[in-house]
Structure formats: C-alpha cells, structure tokens
Visitor: 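Structure provided below as structure tokens; questions to follow.
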There are 2 protein chains.
Amino acid sequence: MNEKQLPWNIYDDRYPTRDVLARLADKWALLVLGRLENGPMRFNHLRRDIRGISQKVLTQTLRKLERDGLISRQIFATVPVTVEYNLTSLGRTLTDTVTVLAHWVERNMDAVQAAQAAYDAANTA
Amino acid sequence: MNEKQLPWNIYDDRYPTRDVLARLADKWALLVLGRLENGPMRFNHLRRDIRGISQKVLTQTLRKLERDGLISRQIFATVPVTVEYNLTSLGRTLTDTVTVLAHWVERNMDAVQAAQAAYDAANTA
DNA sequence: CGGCATCCCGAGGGATACTG
DNA sequence: CAGTATCCCTCGGGATGCCG
C-alpha cells in the first residue's frame with residue numbers, strides 16, 4: 001500500500017492537501033496548537049507563553065488555524081474585550097501528534113546536537 | 001505536569017530546541033522524511049516523487065536533515081555517481097509521527113475545506 | 001485587551017548555467 | 001547523476017503607531 005494512490009496525496013502539489021500541510025508544517029502553528037491542548041487561552045496569554053512570537057504573526061497564525069477549522073474564537077463583551085481561543089473537535093484530533101512532535105524534539109535534543117557536532121567536524125577544513 | 005518545566009522547552013526561544021522544531025516544522029523536510037520511510041532513495045527519485053520541490057531546496061533540505069542526524073548519505077562510485085539517502089535510527093523514531101501528520105491531512109481534507117468555506121462565507125461582505 | 005495598518009528588511013526559494 | 005554557484009525577487013515577519 002503506497003500513499004501515492006490516496007485520493008489527495010500530499011506528495012502531489014496539484015492537490016490542496018499540499019497547502020494544508022504547509023500551513024501545519026509551521027513552527028508557530030504547531031506551537032499554538034500545542035499550547036491550546038490544556039484548554040482555552042486568551043490572546044495575550046498565548047503571546048506571552050510562546051516566546052518570540054510577534055503580535056502580528058500570532059494574529060495571522062490564529063486566523064489561519066481558525067479558517068482551517070482547527071481552533072475557534074470566542075469574544076466576550078467585557079471591558080476591555082476578552083477573546084478566547086480554543087481547539088475545535090477537529091483540532092483536537094491533531095494535538096496528540098503535535099505533542100508527540102514537540103516532545104520528540106525535547107527528548108532527542110542531545111542526539112541532534114551530537115549529530116550536528118559530528119557533521120560539522122567532518123565537514124570542516 | 002506542564003511542558004514549561006521540561007529542560008529544553010520548545011516554547012522558550014532561548015533554547016536550541018526551538019531551532020530544531022523550526023527545521024522539522026517545514027513542509028519539505030516532512031515530505032522528505034515521509035518519503036524515506038519505505039527505504040533508501042536516490043536524489044533524483046526523491047526529486048521526482050516530491051512534486052514541486054526544486055533541486056536547490058531538495059539539496060538544502062537533505063543537508064539539514066543529515067546534519068541533524070535524521071538521515072544518512074551514502075555515495076556509490078558508479079559512473080555516473082549514485083547517492084542514496086536513508087533514515088538513520090534517530091530519523092526512524094520520527095517517521096511514525098510524520099506519517100500520522102501526512103495522513104491526517106489527507107483524511108481530513110474534506111473537513112478543512114468545509115471549515116474554510118464556512119469561514120470565508122462568514123467573513124465576506 | 002486584542003487587535004489592524006504600514007513600513008521595511010533579510011532570508012527563502014525559484015530559475016538558470018555549469019561541473020566532477 | 002548529483003550536485004554547486006549566482007542572480008534575483010517575492011514575502012514572511014519584525015518594528016512601530018493607532019483604535020474600538
């Protein structure tokens with residue numbers, strides 16, 4: 001059984017699946033999804049937790065995820081206004097994978113650094 | 001138990017884990033890893049299978065993955081030269097996750113498109 | 001608080017030509 | 001076959017200022 005025969009093969013750039021993959025294969029999108037795993041969060045809370053993300057990029061990322069149906073946006077008419085982001089049921093089907101990926105990086109950081117050192121040593125004058 | 005307390009938290013941009021995540025959170029890197037799951041492949045074979053990738057980007061992607069210790073590069077002194085790329089044992093610990101992600105996109109494409117249509121309809125004049 | 005609008009720069013990546 | 005080397009241009013994303 002080969003993926004090449006599936007209806008919307010991500011290896012074929014003529015299908016929209018490629019675009020969806022591209023939007024998910026983005027560090028900011030993955031970080032946002034992972035951060036929402038434990039429940040809804042407000043905009044500035046996300047902004048603080050995901051260190052290094054700018055306001056503009058966080059907004060863009062949230063809009064994309066919302067458009068793809070992975071997260072929902074709920075506005076509370078408080079003063080000042082409060083906005084909560086939450087995973088949709090569709091988004092929730094993805095977070096396990098995202099979490100695995102995140103943990104993989106943290107758990108294998110040593111091995112990656114060792115590989116980098118070896119590679120750099122071998123490819124240096 | 002919160003990820004924030006792990007040694008190399010990906011949510012903290014002061015750790016190198018953020019960079020590793022960024023390199024993995026790349027559509028080309030994920031497609032290459034997924035494609036190598038079934039065994040070693042040659043350069044031009046990858047190039048053909050991963051539609052839309054340019055020669056330059058494929059080379060860059062392969063180099064990064066090799067440097068991070070996820071794939072290996074083996075040269076055969078044939079004429080013309082043959083080069084095979086293969087997953088390392090470290091890389092193999094990632095492919096399951098990558099495959100899950102790829103299949104998620106293919107399986108949930110309908111839901112994503114429906115969400116997009118609904119979003120666009122709601123946010124149109 | 002949770003954005004939107006602009007300006008602007010540097011990196012990512014396409015196209016093309018050449019090589020061991 | 002499997003690259004390297006340039007040129008070039010788009011656009012992701014940072015910085016800043018303003019608003020409901």
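Quick note on labels: first sequence line is chain A, next is B, and so on, each numbered from 1.
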Visitor: Would you tabulate the side-chain donor-acceptor contacts of residues 112-119 of chain A under 3.5 Å, counting partners in other chains and residues two or more places apart, or write 'none'?
Guide:
from, atom 1, to, atom 2, distance (Å)
A/Gln116, NE2, B/Asp68, OD1, 2.8

Visitor: Is the phosphate of D/dC1, meaning OP1 or OP2, less than 4.0 Å from a side-chain N or O of B/Tyr85?
Guide: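 No, because none of the side-chain N or O atoms of B/Tyr85 sits under 4.0 Å from OP1 or OP2 of D/dC1.
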Visitor: Would you mind reading off the distance between A/Arg63 atom CZ and D/dG12 atom C1', rounded to a whole angstrom?
Guide: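 The distance from CZ of A/Arg63 to C1' of D/dG12 comes to 18 Å, rounded to the nearest Å.
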Visitor: Taking heavy atoms of chain A and a 4.0 Å limit, find me the 5'-most and 3'-most nucleotide of DNA chain C within that range.
Guide: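 First and last nucleotides in contact are C/dC1 to C/dC7.
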Visitor: Give the B/S/- string for nucleotides 13-20 of chain D, one per nucleotide from 5' to 3', where a protein heavy atom under 4.0 Å of the base yields B, of only the sugar-phosphate yields S, and otherwise -.
Guide: BBB----B
Visitor: side-chain contact (heavy atoms from CB on, under 4.5 Å) with A/Asn44: which residues, sequence neighbours excluded?
Guide: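 Counting only residues at least two positions away or on another chain, A/Asn44 forms a side-chain contact (heavy atoms from CB on, under 4.5 Å) with A/Arg47, A/Arg48.
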Visitor: Among the clusters formed by ILVMFWY side chains lying less than 4.5 Å apart, do A/Val100 and B/Leu90 turn up in the same one?
Guide: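 Different clusters.
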Visitor: Is the terminal nitrogen or CZ of B/Arg35 (NZ for Lys, CZ for Arg) located under 6.0 angstrom from the six-membered ring centre of A/Tyr11 and within 45° of that ring's axis?
Guide: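 Here B/Arg35 passes the 6.0 Å and 45° test against A/Tyr11.
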Visitor: Side chains of A/Lys27 and B/Arg18: does their closest heavy-atom pair fall under 4.5 Å?
Guide: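 A/Lys27 reaches B/Arg18 side chain to side chain.
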Visitor: Just how far is it from atom CG of B/Leu24 to atom CG of B/Leu101, taken to the nearest 0.5 Å?
Guide: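 Going from CG on B/Leu24 over to CG on B/Leu101, the span is 11.0 Å.
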Visitor: Taking only the side-chain nitrogens and oxygens of B/Arg47, find out if one of them lies under 4.0 Å from OP1 or OP2 of D/dA2.
Guide: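 For B/Arg47, the contact criterion (side-chain N or O under 4.0 Å from OP1 or OP2 of D/dA2) is not met.
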Visitor: Among all residues two or more places apart in sequence or in another chain, which pass the side-chain contact (heavy atoms from CB on, under 4.5 Å) test with A/Asp96?
Guide: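 Testing A/Asp96 for side-chain contact (heavy atoms from CB on, under 4.5 Å), a comparison that skips the adjacent residues, returns A/Glu37.
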Visitor: Residues in salt bridge (charged side-chain N to carboxylate O under 4.0 Å, His left out) with B/Arg67, at least two apart?
Guide: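 Counting only residues at least two positions away or on another chain, B/Arg67 forms a salt bridge (charged side-chain N to carboxylate O under 4.0 Å, His left out) with A/Asp120.
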Visitor: Nearest whole Å is fine: how far is D/dG3 P from A/Asn123 CG?
Guide: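 So the two atoms are 13 Å apart, to the nearest Å.
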